Number of protein chains: 2
Amino acid sequence: MLERPTDRRIIRTKRLIRDALTELMEEKGFEVITVRDLTEKADINRGTFYLHYRDKFDLLDQCEDEIINEIQKLTHKIDPKDALKFDGQKEPFPFIVYLFEYLHENSSFMKVVLGPKGDASFQVKLKELIRRTFFQNILSKLKQEEMLVPVDFLIAYVSSAHLGVIQHWLESGMEKSPREMALILSRITLLGPRHVTGLTSKEL
Amino acid sequence: MLERPTDRRIIRTKRLIRDALTELMEEKGFEVITVRDLTEKADINRGTFYLHYRDKFDLLDQCEDEIINEIQKLTHKIDPKDALKFDGQKEPFPFIVYLFEYLHENSSFMKVVLGPKGDASFQVKLKELIRRTFFQNILSKLKQEEMLVPVDFLIAYVSSAHLGVIQHWLESGMEKSPREMALILSRITLLGPRHVTGLTSKEL
DNA sequence: CCATTTAATGAACAAGTTGTTGATTATTAT
DNA sequence: ATAATAATCAACAACTTGTTCATTAAATGG
């Protein structure tokens with residue numbers, strides 16, 4: 001995609017700006033950040049910022065797109081037969097494990113961008129990626145006429161639920177491992193929210 | 001809570017400003033809206049804005065808080081025994097029906113504030129309200145030790161799923177009725193995402 | 001209907017941010 | 001070591017912000 005910026009100054013400057021962005025988003029939220037804030041925090045000249053980004057929105061976009069691209073790459077590791085064999089009780093869906101591992105490695109930025117002071121449009125982008133992955137690996141095998149609910153709402157339900165659990169995990173300190181989290185998600189999704197409460201059909 | 005603004009001029013001005021906010025959020029997103037934009041669109045003097053709101057963030061906050069309060073009132077209509085009797089196949093959870101009805105009545109603002117150009121913090125507020133309502137009416141009756149997954153992740157899963165379906169419904173033109181939507185949600189939640197696909201336990 | 005109260009207007013203000021430019025300095029690559 | 005280029009610094013006009021004050025317009029309620 002992008003020609004590589006070999007020059008170490010560029011890499012350094014971009015890193016400083018992006019680190020400043022993460023810190024400032026956590027401190028005060030993206031909306032009230034100024035380019036001046038960013039360059040002061042990064043300790044670079046304000047003009048330098050404009051050598052790399054058009055404005056603060058361009059900065060956020062580039063950060064987000066990079067993340068989406070890297071997560072997209074994780075989907076290439078999926079083995080098609082995984083979708084079929086797993087029962088969700090012992091083995092989670094592998095992509096979800098990779099996803100949590102990636103989130104953990106980039107937790108400081110992911111936490112703010114998916115948090116209350118974050119960016120609604122990034123949530124949509126990530127949800128859409130989850131949606132596509134689910135569809136390609138699982139839902140495409142289903143027959144529309146056998147569904148008890150419209151498929152688009154089911155997809156919205158499951159992908160939003162996954163994103164929501166991710167957000168809660170990030171907010172609450174990421175105490176459980178990626179594998180544990182993926183297992184929790186596959187259990188709820190496959191057994192159903194009510195079933196995992198321990199209730200039988202009669203009780204509710 | 002608030003002393004009533006009897007003066008019709010105040011009501012008119014606030015309505016003009018809020019309508020302008022909705023339109024501008026849809027056009028360009030909240031972040032790039034200026035007070036000047038708002039007052040030009042509302043066709044009022046810029047100084048007048050500051051007689052009612054501290055800045056554009058205060059405006060958004062007041063709009064959001066008003067909505068949250070009104071939805072909060074809907075929860076008072078819940079009959080405690082509803083939570084127990086319903087099986088989710090024929091009768092949806094009544095609060096969810098009320099919620100969709102309210103969203104439909106205020107769809108223009110709800111659509112933008114919950115959409116890609118919306119406000120992440122409002123999503124958190126609404127999700128938290130859904131979470132509390134679920135907890136008070138259903139989950140408080142469950143025994144923690146019988147749960148197959150940690151209860152906080154289950155709550156995050158279900159409330160995020162509900163919000164996500166709401167967002168998809170708003171985005172896709174609100175074609176289904178509030179009752180149909182509530183039924184879709186109770187079906188997926190009670191039967192489980194996999195079960196509503198029509199798959200039996202053997203097939204997946 | 002009229003007098004009083006109060007909201008809205010319009011103009012002006014300093015302070016701060018933005019995005020750009022051009023000249024200069026510092027660093028990197030080879 | 002040299003050429004290329006990234007970063008710095010200062011300055012710029014244009015714009016937004018939040019506030020003030022005098023003036024005009026509208027609503028209230030008696």
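Keep in mind it's a predicted model, so treat the numbers as computed, not measured. Atoms considered below: every heavy atom in the structure, side chains included; atoms not considered: hydrogens, waters and symmetry mates. First the proteins, then the strands, lettered A, B, ... as listed; each starts at 1.
- For the 3.5 Å distance criterion, the side chains of A:Q72 and A:R132 qualify, holding a donor opposite an acceptor.
- In summary, B:R131 and B:E128 engage in a salt bridge, as defined by a charged side-chain N under 4.0 Å from a carboxylate O.
- Across the protein-nucleic acid pair, B:K14 atom NZ and C:dA8 atom P stand 10 Å apart, rounded to whole Å.
- A cation-pi arrangement is present between A:K77 and A:Y98, with the terminal nitrogen or guanidinium carbon under 6.0 Å from the aromatic centre and inside a 45° cone about the axis.
- Separating the CG atom of A:D7 from the C1' atom of D:dA3 is a distance of 13 Å, rounded to the nearest angstrom.
- Rounded to whole angstrom, the span from the CG atom of A:N45 across to the P atom of D:dA7 amounts to 10 Å.
- Contact check, B:T6 against D:dT28: no side-chain N or O comes under 4.0 Å of OP1 or OP2.
- A heavy atom lying under 4.0 Å from DNA chain C marks the following residues of residues 18-44 of chain A, by number: A:T34, A:V35, A:R36.
- In this model, no donor atom of one side chain and acceptor atom of the other lie less than 3.5 Å apart for B:Q136 and B:K141.
- One can place CD1 of A:I10 at 10 Å from P of D:dT5, the figure rounded to the nearest angstrom.
- The listed nucleotides are C:dG19, C:dA12, C:dA8; the one nearest the side chain of B:R46 is C:dA12.
- Look at CD1 on A:I11: it is 14 Å from C1' on D:dT5, rounded to the nearest Å.
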Check your understanding: Going through the checks in order, is the salt bridge (charged side-chain N to carboxylate O under 4.0 Å, His left out) test met by B:R18 and B:E23?
Key -> CA-CA 9 Å; B:R18 290 176 183 218; B:E23 285 184 47; over 6 Å; no

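- For the helix from C:dC1-D:dG30 to C:dT30-D:dA1, the end axes, each set by the C1' atoms of five terminal pairs, are bent relative to each other by 50° (nearest 10°).
- For the pair B:R12 CZ and C:dA7 C1', the interatomic distance rounds to 11 Å; values are reported in whole Å.
- Between the CG atom of A:D55 and the P atom of C:dG19 there is a distance of 5 Å, rounded to whole Å.
- Taking the six-membered ring for Trp and thresholds of 30 and 60 degrees, B:F93 and B:F95 have ring planes more than 60 degrees apart, a perpendicular arrangement.
- A:D19 and A:T22 share no donor-acceptor pair across their side chains, judged by distance under 3.5 Å alone.
- For the pair B:K56 and B:F30, the cation-pi test (distance below 6.0 Å, angle within 45°) is passed.
- Within 6.0 Å of the NE2 atom in A:H52, the count of heavy atoms belonging to other residues, nucleotides or ligands exceeds 12.
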Exercise for review: If a protein heavy atom is under 4.0 Å from the base, mark B; if only from the sugar-phosphate, S; if neither, -; do that for nucleotides 21-26 of chain D going 5' to 3'.
Suggested key: ----BB

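- Nearest to the side-chain atoms of A:Y50 among the listed nucleotides C:dT18, D:dT19, C:dT28 stands C:dT18.
- Side chain to side chain, A:K127 and B:Q167 meet the donor-acceptor criterion of an N or O pair below 3.5 Å.
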Point to revise | Derivation of the side chain to side chain contact (heavy atoms under 4.5 Å, CB included) call for A:L59 and A:L38 | key: CA-CA 11 Å; A:L59 165 64; A:L38 287 163; 3.9 Å; yes

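- At a cut-off of 3.5 Å, with distance as the only test, no side-chain donor of B:T48 or B:N45 sits close to an acceptor on the other residue.
- Considering only side-chain N and O atoms, B:H52 lies under 4.0 angstrom from the phosphate OP1 or OP2 of C:dA8.
- Put simply, CZ on A:F57 is 13 Å from C1' on C:dT17, counting in whole angstrom units.
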